[in-house]
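See below for the structure under consideration.
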Amino acid sequence: LTFLYLVMSRAGPILIIEDDQDDQEILQEAFTELGVRNKLLFFDKTKQAFDFLKTSSEKPFLILSDVNLPQQTGVEFKREVDSDPQLRKKSIPFVFYSTSVAQKLVNEAYTKMTVQGFFQKANSYEEIKSNIKLILDYWSICRHPNGE
């Protein structure tokens with residue numbers, strides 16, 4: 001956990017696109033208990049997240065997105081991010097974290113988009129925390145174009 005702390009403390013914010021308030025609170029608690037120092041930015045609509053990505057000078061460390069969202073799904077949002085040359089160049093790691101894990105969606109995410117992970121929301125808090133730690137540990141040491 002100490003390694004995670006040191007590497008991530010220099011990284012940018014983590015964007016979480018999640019419209020369920022209870023899930024937002026659970027994720028906030030999990031990130032806090034894991035000792036994550038990165039700023040967490042929660043968005044309940046994809047348009048807000050897209051506007052942030054287009055206008056902010058901050059370099060996000062990770063985007064964690066639900067699939068089932070109001071107005072625009074997470075899949076549609078990811079397609080929009082991928083089709084924007086400026087955002088595509090930023091190479092921000094993008095992971096779906098959703099109850100919707102139909103194989104058709106998973107296949108589309110990996111074959112038609114630049115998605116780096118597709119995780120099913122866990123049922124227990126400890127499992128959620130474990131999954132978040134796994135995702136963060138991986139991206140803390142993984143080399144990618146947006147890395148520092």
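Values below: every heavy atom of this structure, side chains too, minus hydrogens, waters and symmetry copies.
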Backbone N/O of [Y] and side chain of [X]: donor-acceptor pair under 3.5 Å:
| X | Y | value |
| --- | --- | --- |
| Glu76 | Thr73 | yes |
| Lys78 | Met113 | no |
| Gln116 | Phe94 | yes |
| Ser83 | Glu80 | yes |
| Gln24 | Glu18 | yes |
| Asn38 | Gly12 | yes |

Got a salt bridge between [X] and [Y], using NZ or NE/NH1/NH2 to carboxylate O under 4.0 Å?
| X | Y | result |
| --- | --- | --- |
| Arg88 | Asp84 | no |
| Glu29 | Lys129 | no |
| Lys121 | Asp66 | yes |
| Glu108 | Arg79 | yes |

Reported [atom1]-to-[atom2] distance for the pair [X] and [Y], which is rounded to 0.5 angstrom:
| X | Y | atom1 | atom2 | value |
| --- | --- | --- | --- | --- |
| Leu136 | Ile141 | CG | CD1 | 12.0 Å |
| Ile14 | Leu40 | CD1 | CG | 5.5 Å |
| Asp82 | Thr114 | CG | OG1 | 3.5 Å |
| Ile128 | Phe31 | CD1 | CZ | 11.0 Å |
| Leu64 | Ser98 | CG | OG | 10.0 Å |

Exercise. Can you say whether the rings of Phe50 and Phe77 are parallel (under 30°), tilted (30 to 60°) or perpendicular (over 60°)?
Worked result: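 Phe50 and Phe77: perpendicular rings.
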
For this session: Flag the pair Phe96 / Phe118 as yes when their ring centroid distance falls below 6.0 Å, and as no otherwise.
Result: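 Yes; Phe118 has its ring centre under 6.0 Å from that of Phe96.
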
Problem set entry | Any side-chain donor near an acceptor of the partner, Asn107 and Gln103, under 3.5 Å |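 Side chains of Asn107 and Gln103: pair found under 3.5 Å.
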
Exercise. Does NZ in Lys47 sit with more than 12 non-hydrogen atoms of other residues, nucleotides or ligands closer than 6.0 Å?
Worked result: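 No, because the 6.0 Å sphere around NZ of Lys47 holds 12 heavy atoms or fewer from other groups.
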
